Each structure stands twice: as C-alpha cells, then as structure tokens.
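Notes follow the structure.
Residue numbers start at 1 and run along the sequence shown. Just so you know, these numbers use all the heavy atoms, side chains as well, and skip hydrogens, waters and symmetry mates. Fair warning: this is a prediction, and the values are worked out from it, not measured in the lab.
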Amino acid sequence: MDGLVVAFALLWVLVIALTIAVFALARQVGILFERIAPMGALITDSGPTVGEEVSRFDLTALDGRAVTVGAAGARSQLLFFVSPTCPVCKKLLPILSSVATAESAWLDVVLAGDGDTAAHQAFVARRRLEKFPFVLSRELGMAFRVSRLPYAALIDGSGTVRAKGLINNREQLESLFNARDLGVASVQSYLDVARTAHQSR
C-alpha cells in the first residue's frame, strides 16, 4: 500500500513539473516570436506615401487590354513591378497567382515593367501570365520611384495607396493585405507600436 501511495505522489509531482515546463516553454515561444516577428514588405520612403492618392495612368497592356491605374472604382489593385531578368520575380510569380485567386473577390492584379516589348511578351508566354494585364510604362515606375524589384503597391478603390514595398516572399506579399486590414502603413509600424506599448507596461 505504501508503494502505491509513493507512486501516486511521484506521478503528481511529475504532472506538476510537466505543467510548469509547458508554461515555461509557452513563455519562451512568446519571447522568441517578439524577437523574430514577421517581416512585412520593405517600405521605401520614395514614391507615393501610404494614404496618398496616386496619379491616374491610362495604359495599354501587352495584349491590347486597356488598363487604368489609380482610378476610383469598386475594386482594389495590386500593382506588381517585375522584370524578365529578376530571379526573385520568377520565384514569386506562382505565389502571386495563388494570392490573386484567393483575393479575386476584391482585388485585381496588374503586372508592370519597362523595357523591350518582345522580351516581356516572351516572358509572359514562358511564365503563363496571360491572365494578368501586363503594362510597360517607364512613367509608372518613375511615379512609384521603383528602384529595386520585385516591388508592389496596393491601391484601394479610391485610388489611394494602402500599402507598398519590396517583396521577397509570400509573407511580405501578404503583409500588404494585413496592413490594409489593420489600417496601418505597414506591418512593421504596427509591430513597433505594439512592442512600445508592451515595453511601457
């Protein structure tokens, strides 16, 4: 009987120790998450700022479609700047296609670039990008001050920039939508405010 009591006591000690260990691990995961918080799109200071209306551009896509950037309408636009020679762009195109399908209820994706028309047409055919309007416009790139690729700008139905930045992975692409949903300029600014509020407690 004494052996059973001892075994039962040891079992309870083990359960309590495991509970403490789980809480300690959960706390460490929270601390680790704060240190390596999600990285949003890398915002540049140049070009239209978040919250600013963009100039209207009436353009013609490579396939002849009329494309208007920055006009008021019911749907938002994701302006995605790419190049046939950009390796990161090529890696992101399947992700962009997946995101475009998932967000198709409210979002239109427009691909943009500049340079040789034939090279871009071959790029569209090779990467099977025919479902997206693809515009070539040096003026559009200059208006957004695009200096590195891939670069994206999320424009709402009023023609206002809601989020923008350099995109290197799915997380950074989706951070544009998260920033829009949160009503902030960027995920980084939201995390900075949250971190400051947490530290001031």
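- Under the 3.5 Å distance criterion, with hydrogens and angles disregarded, a donor-acceptor pair is assigned to the side chains of Asp58 and Thr68.
- Hydrophobic clustering of Ile, Leu, Val, Met, Phe, Trp and Tyr side chains at less than 4.5 Å, counting indirect connections, unites Trp106 with Leu96.
- Between Leu173 and Ile95, the closest side-chain pair of non-hydrogen atoms falls below 4.5 Å.
- Atoms SG and CZ, on Cys86 and Arg148 in that order, are 10.5 Å from each other to the nearest 0.5 Å.
- When every heavy atom of Phe144 is checked against every heavy atom of Ala153, the shortest pair comes out as CE2-CB, 3.7 Å.
- Across every non-hydrogen atom of Pro48 and Glu52, the tightest pair is CA-OE1, 3.5 Å.
- Of the inter-residue distances, the one linking Ser137 atom OG with Phe81 atom CZ reads 8.0 Å to the nearest 0.5 angstrom.
- Within the model, atoms CG of Asp108 and OG of Ser76 stand 8.5 Å from one another, a figure rounded to the nearest 0.5 Å.
- The shortest heavy-atom contact between Ala112 and Leu140 is CB-CD2, 4.0 Å.
- Heavy atoms only, all atoms of each residue included: Ala100 and Phe132 are closest at CB-CE2, 3.7 Å.
- Listed for the Lys164 side chain is no donor-acceptor partner under 3.5 Å among the backbone atoms of Leu176.
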Dump the intermediate steps for side-chain contact (heavy atoms from CB on, under 4.5 Å) on Arg170 and Ser98, then the final yes or no. CA-CA 10 Å; Arg170 177 184 284 273; Ser98 170; 3.6 Å; yes
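- Distance alone, capped at 3.5 Å, is enough to place a donor-acceptor pair between the Asp156 side chain and the Gly159 backbone.
- Counting only distance, with no hydrogens or angles, the side chain of Arg75 and the backbone of Ala105 share a donor-acceptor pair below 3.5 Å.
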Criterion side-chain hydrogen bond (donor to acceptor under 3.5 Å, both in side chains) on Ser175 and Gln172, from CA distance to verdict: CA-CA 5 Å; Ser175 76; Gln172 290 179 337; over 6 Å; no
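- Counting heavy atoms from C-beta outward, Val67 and Phe57 have side chains that stay 4.5 Å or more apart.
- With Ser97 contributing its side chain and Leu93 its backbone, the two residues share no donor-acceptor pair below 3.5 Å.
- Taking 4.5 Å as the limit, every side-chain heavy atom of Asp63 sits out of range of all side-chain heavy atoms of Glu130.
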After noting the C-alpha distance and the side-chain angles of Leu129 and Leu111, does the key distance pass the side-chain contact (heavy atoms from CB on, under 4.5 Å) rule? CA-CA 9 Å; Leu129 302 173; Leu111 299 179; 3.9 Å; yes
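- For Pro84 against Lys90, the heavy-atom pair with the smallest separation is O-CE, 2.8 Å.
- The OG1 atom of Thr160 sits 4.5 Å away from atom CD of Glu53, with the distance rounded to the nearest 0.5 Å.
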Show your reasoning for whether side-chain contact (heavy atoms from CB on, under 4.5 Å) applies to Leu78 and Val110. CA-CA 6 Å; Leu78 179 67; Val110 177; over 6 Å; no
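- Counting heavy atoms from C-beta on, the side chains of Pro150 and Phe80 come closer than 4.5 Å.
- In Arg126, the CZ atom is crowded: over 12 heavy atoms of neighbouring residues, nucleotides or ligands sit closer than 6.0 Å.
- Under a 3.5 Å cut-off, the side chain of Arg127 and the backbone N or O of Val124 do not form any donor-acceptor pair.
- Considering all non-hydrogen atoms of both residues, Asn169 and Leu92 come closest at CA-CD2, 3.6 Å.
- For the atom pair OH (Tyr151) and CG (Leu79), the distance works out to 9.0 Å, reported to the nearest 0.5 Å.
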From CA spacing to verdict: side-chain contact (heavy atoms from CB on, under 4.5 Å), Leu149, Val88: CA-CA 8 Å; Leu149 297 173; Val88 180; over 6 Å; no
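- Note that CG of Leu136 is 4.5 Å distant from CG of Leu62, once rounded to the nearest 0.5 Å.
- Panel note: side chain Lys91, backbone Asn168; a donor-acceptor pair is recorded below 3.5 Å.
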